[in-house]
Amino acid sequence: MDSNDSQLPRPSGLPNSSGSGSGSGSGLETLIRFDELSPAELAELKTTPSAARAIDLMESAEAYLESGGLAEASVSAEELYAYGLGPGASALESERQAAVKRHLSASPEESAWVEGLQAAPPSPLILDHDSNEEASEDQPALSAQAQPGKHLRAVASDAFATATAPSPTAAPPVPTQRPAPTGVNWMVWSPLAAAALVLAMALGGGARPSALDGALPDSPILRSSIELRLLFPRGRILSANAPSGAFAARPRFEITPSTEASLFRYELKRLDPIASMDAGSALFEAGESLWTVESKKRTITANPLETGAYEWTAWETINGVDRRLGTMTFQVVEDPAWNAATLQAEGATETVIRERVRQLHADGYLTDARNLVRALPTSSERSSYLTGQ
Amino acid sequence: MAGIGVAAEAAATPSIAPSLQPARSGSGQSVTEDATGILDAKIAFFEALVGFRAEGLTSDEQLQLAANQLAGLTGDDAALRIALYYGALAPPDRVAGFLMEERFDAIHDLVHLMDTRARTGQPEPGEHRRITARLVDFIGVARELLDQVPAAHGESLAARLAMRGLEQRWPGTHEEQNAEFRRQAEQAQSSASFAIRAFEGAGMATPQLEPEWVLARLALIDDDLAEAERCFRRMNTIASRSGHDAWRERALMGLVGVAHEHGSPIRASAALSELATFRSPQDCWGLAREVAVLRLGRDEAAEAILWLESHPPNPGIDREIEAVTAQDEWAALMAAAHLRADRPFQARLVLDTMASAEARDTSEESERRSLPLRVVLQLELGDPEGALATLEEPAAAALEAKDRHTLRGSAYLAAGRTTEAIAELEAALAAAAKRDVQDRRAVVDASAVGEWLGLSAVTDLAKAYLVGRHDALGAAAAIEAAHGSMTVEEARGRLLTLASSMDLGLITWIAGADTTLMIHVEASGRATHASLPMGRAAIARAIRRVRQGIIDTRDAPMSGRLNSQLNGLAAALLPAELGRQILAFANSHDEAPSLLLMPHGALERLPFEALPVGGPAGPLDESTVKATRRLGTDVSVAIVTKMRAAADMAPRVDLRKVRWTAVGAPDFQSLQGLDGAAKELSSLGRMNPRMSVLAGPRATRQALMQALGSGTPLHVSSHVVPVHRTAPGSDSPASGGAVPFGLAMSGDDVVTSDELAGTAPRLPLLVLAACASGDGDALDGGSVRGLAQVALDAGTRCTLLTQWPISDQSAYHASLTFHGALLAGSPPSEAARRARKLLRDTGRPMVEWSAYRLSGAW
């Protein structure tokens, strides 16, 4: 384990909505006041995937609320928020309470959001304006522990903050106990309440570790236990042009284990081989086979992949009969946000690797994130991430 | 021979791959020692039995002891039952039976010699008649004995010999209509049935294999597929227990054949997987051949070619095949694979080689095998008149009727003789529809129209209506008639009724081998069509890629690639005027327009809900993407893959006023808890006072089964879990395992799809808020075999299903919105639209909002 490990907050579960209380209001307030930020601040806020996602949600909510949704309703977002007894909310008059109740009975979705408000929204992020220092690799920007400098970080829940002893080398944490916003603060600006509704909807109800806790990223709970046989590569993959540590530089094709199979066959096809075709036209084409290989192993490593779209298929042979396990497409893309240095595990501390895994995951580079996770010391968490459980 | 059948029976179980028998705990014996011990016990029992029956040298107690020892080692009571049977006979009756079995052995040897001479081309004239007469005499005497086992052996052999004669005259000669043919068939059936009863009475299962096989073959001649399947299953069970691999192979190949006749590649595949557990495709041409057939059926032509190249028939090893026949079959399959891979010249090369072989062996059977391929090749090469001439050759008379009609229909269509094409193709469809109607209750995972006849015939019929009669509505009716097992005229009337109940009418699609047709029937009854020069393989490929692109949006923002792909699909598969109609409707109405989509074959898995409408979305740009109208969020779409009569489904009800049940969020130790589902059920219970909620520990198997059988609307929020497909050897009559999924219930229980089907859920509406509740194997003509389809098949009117995995949290929001809209009076398709729209408008990725599909017309 890296020496910095002791500074890492342990993922003791999530900023659970009932535990975070209203003390995290500052973080939420900062985030939901996203449209008060300067373009530069907003851009910076958006560079952190988790924040970007939350902001996207709120922008969507604004659009929704302004274009349809509540705009057509007989009650306002503020009234909904107050009715739901959100943090800092003032009580509604009985007449308005009845109106909101009538409205909610016809709008179960909104009703559900309002229910979510009774537990305080979680405390996701703080945009710290106090310092211009950039985060170093050893002190990743996105960490559960407060860091100095103008960067984003997670705000721990109250319980979380007190349970984690600050390291002597760590910068002083930003106080997490800020005065709770008053009802007026919440009410004066209607999109704020609307955004709170959306946050409650988007983030509420979770009780699992998130990327904001310092834990490895997790996937949402699905209502299924059915696994796809083809694991990786999938989705977007960073180009191998620069970094030798990138997945695309030494792609590893992986399928789920099988106790019955005696042989596996893999085929890789290049899609869109004709440059002039767009993806819509090329959609129906079979693609160009690049290689086919048989192996007794459920993972194989191939030559570097160029930028482009691909499709791979795997078969397994059981009792002499091979059967197709599935076909999966993936794209190798250039992304200026990621370079050789940021994909190298060599020489990086565990903290840094974890942070990069989180960012890769949040950016949708799951295959690269998984590749990088292998550089971490063996642990149940690492294992869970690799197995997707 | 005397007693051999008995000994084989008594030793049945131990001879199953002894190496697989686990060493018994505490015995300290190795597997090999166990096997040796069983063999010794078998011999001891056999000797005791002979002594007991023939000479009275063995006492009843000694025989019982030997039987007990064998039964103790094998865990099978066959030896005990046999000992009991003979112990009940008086000594003179035992001796009489024993001596009769020696006489039978002599006749059996004669039959064997006759077979050998026939195989080597030296048959002796009149030999068959002489042996049969001797056998009849033997049976006459044996039937008089108290020991019925010798008569059973005689009847079994007589049935086999009669069957051989019947099969030589069938199919194609129409002699099945002949009174003598019928008489012989009935005699064979009577002999086989007697043999089975007598062997059963004597506690012997293994000797029942031969008469069961005869009964199965007779059932096939009678086109009684259910009876044939029952016999083959029973054979498989007996052969599996007794380790008779040759019989087991015949049983499983019989099941494969029955599966093809039903139109069920799922069942065929399951039987082949079992066959592969004890036969290698290198040594068993039947297995290799059927694997190739399944690949061709899945449009995997290139893989079929590779497979056939590495798995030619091997008559030197495979004793179940006849060399010339197997070589013909191989060549025919190879030619078919080349044709499907769009390599007509390679196909011709293979067929030419086959023809030169036929010149040496001009058997009618050989010609019959190559004829369909020669016709298809001629059509492929643009020679319909040549194809029609080939279909006039004498060998064509031996073709199965549906193949003859289909080939003629395609040839007439290609020759521009559309009236004749329609007549031929409708005749082919009628035959398939009849089979589907017969099978509807017994076989849920089959489609004779889709998999026995093939959707290309349906596509050709629709084309004939379009080309010959300029009748787009007729073409749509032809497509729906084929899927709904009704006449084209019936389908035409129902289509008009359905279209008029929708704001934007309905659209039907069908993908053939090389062409995809789309027909839009507007609410006014006006029908327009478009043709896409792409076959089902290309369509399926495109759909697979788009589905994965959508699923990838769970982890990354929507890519420009996916955006282009969705645009490409919409441009190719949606009517050009649809977007304009949607926009026009939006300008004049407050609510979203309704539209019925009727995809078939490969198109059923197309995620219509995500397709852009109202013009291409253009390049990927966040605001453009957000503003793009999509079918799932801007149109109240419902999907129907098969038109059903009102009597075949639950009646429409006022969903606001009826009692509902909601089951889910089960306590299941090994699965993640579903907080969202728990919240969802709790909220639904508060929203709708008529909803009974059974959540957590109350979400039991019993609760779900009861709700499924209640006839009232049901909401299920749970995990979908994989369930192993039942092997063909299972005694369960519905063991095809078409839908290998189940719903998790409390107490770590799973309600499987078969159990779900067993409740015959005839519900007005079933909400399956679980992962991929509508996904499964695609069956041409039979829809995607998911859990939702099982309910629809049983008569459930509508289901809200999911096309791929969904998150617990999104499902919570979708469900609440859906039910809220229902309570406000929206029909299910509109409620589903609102649920999708809510998720989309609040920033949920496409994988979440477009997952929900309303299947069934309200």
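Quantities reported herein were computed from a predicted structural model and do not represent experimental measurements. Residue numbers start from 1 in every chain, and the chains themselves are labelled A, B, ... in the order their sequence lines are given, proteins ahead of strands.
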(message) Using a strict threshold of under 4.0 Å (side-chain N to carboxylate O), is an ion pair present between B/R541 and A/E311?
(response) no
(message) Please give me the minimum heavy-atom distance between A/N319 and B/A276, naming the atom from each residue.
(response) CB-O, 3.0 Å
(message) Under 4.5 Å from any heavy atom of chain A, what part of B/A744 do you find: side chain, backbone, both or neither?
(response) neither
(request) Using a 4.5 Å cut-off on heavy atoms from C-beta on, say whether the side chain of B/I543 contacts that of A/F284. (result) no
(message) Only pairs of heavy atoms separated by less than 4.5 Å count here; which of A/W315, A/Y365, A/F330 has the most with chain B?
(response) A/W315
(request) For residues A/I221 and B/L674, determine if any side-chain heavy atom of one lies less than 4.5 Å from a side-chain heavy atom of the other. (result) yes
(request) Side chain from CB out, backbone as N, CA, C, O: work out which of these in B/R298 comes under 4.5 Å of a heavy atom of chain A, or both, or neither. (result) neither
(request) For residues B/Q565 and A/T329, determine if any side-chain heavy atom of one lies less than 4.5 Å from a side-chain heavy atom of the other. (result) no
(request) Check whether B/P722 gets within reach of chain A through its side chain, its backbone, both or neither, counting any heavy atom under 4.5 Å. (result) both
(message) Do A/P220 and B/R554 have side chains that approach each other closer than 4.5 Å (heavy atoms only, starting at C-beta)?
(response) yes
(message) Is B/F741 close to chain A through its backbone or its side chain, or both, or neither, when contacts mean heavy atoms under 4.5 Å?
(response) side chain
(message) Between B/A677 and chain A, with a heavy-atom cut-off of 4.5 Å, which part of the residue counts as in contact: side chain, backbone, both or neither?
(response) both
(message) I'd like to know if A/E285 and B/R545 make a salt bridge, using a cut-off of under 4.0 Å between side-chain N and carboxylate O.
(response) no
(request) For chain A, find which of B/S280, B/S273, B/S815, B/S718 contributes the most heavy-atom pairs closer than 4.5 angstrom. (result) B/S718
(request) Working to the nearest 0.5 Å, report the span between CD1 of B/I551 and CZ of A/R234. (result) 8.5 Å
(message) Any heavy-atom pair between the side chains of B/S717 and A/R223 that's under 4.5 Å?
(response) yes
(message) Restricting to non-hydrogen atoms, name the atom on A/G235 and the atom on B/Q548 that form the minimum distance, rounded to 0.1 Å.
(response) N-NE2, 4.4 Å
(message) Within this structure, what is the OG-CG distance for the pair B/S807 and A/L222, rounded to the nearest 0.5 Å?
(response) 7.0 Å
(request) Give, as side chain, backbone, both or neither, the part of B/V721 having an atom under 4.5 angstrom from any heavy atom of chain A. (result) both
(message) With a 4.5 angstrom heavy-atom cut-off, is it the side chain or the backbone of A/L366 that approaches chain B, or both, or neither?
(response) side chain
(message) Could you walk me through whether A/R323 and B/L272 satisfy the side-chain contact (heavy atoms from CB on, under 4.5 Å) test, starting with their C-alpha distance in whole Å, then the side-chain angles of each, then the deciding distance to 0.1 Å, before giving a yes or no?
(response) CA-CA 12 Å; A/R323 77 186 175 99; B/L272 289 175; over 6 Å; no
(message) So for B/Q282, is it side chain, backbone, both, or neither that comes closer than 4.5 Å to the heavy atoms of chain A?
(response) neither
(request) Check whether B/D808 gets within reach of chain A through its side chain, its backbone, both or neither, counting any heavy atom under 4.5 Å. (result) both
(request) Count the heavy-atom pairs under 4.5 Å between each of B/A769, B/G568, B/A572 and chain A, then report the option with the highest count. (result) B/A769
(request) Report the option among A/I318, A/T327, A/L283, A/D322 that has the most heavy-atom pairs separated by less than 4.5 Å from atoms of chain B. (result) A/L283
(request) Select, from B/M534, B/H311, B/R279, the one with the greatest count of heavy-atom pairs under 4.5 Å involving chain A. (result) B/M534
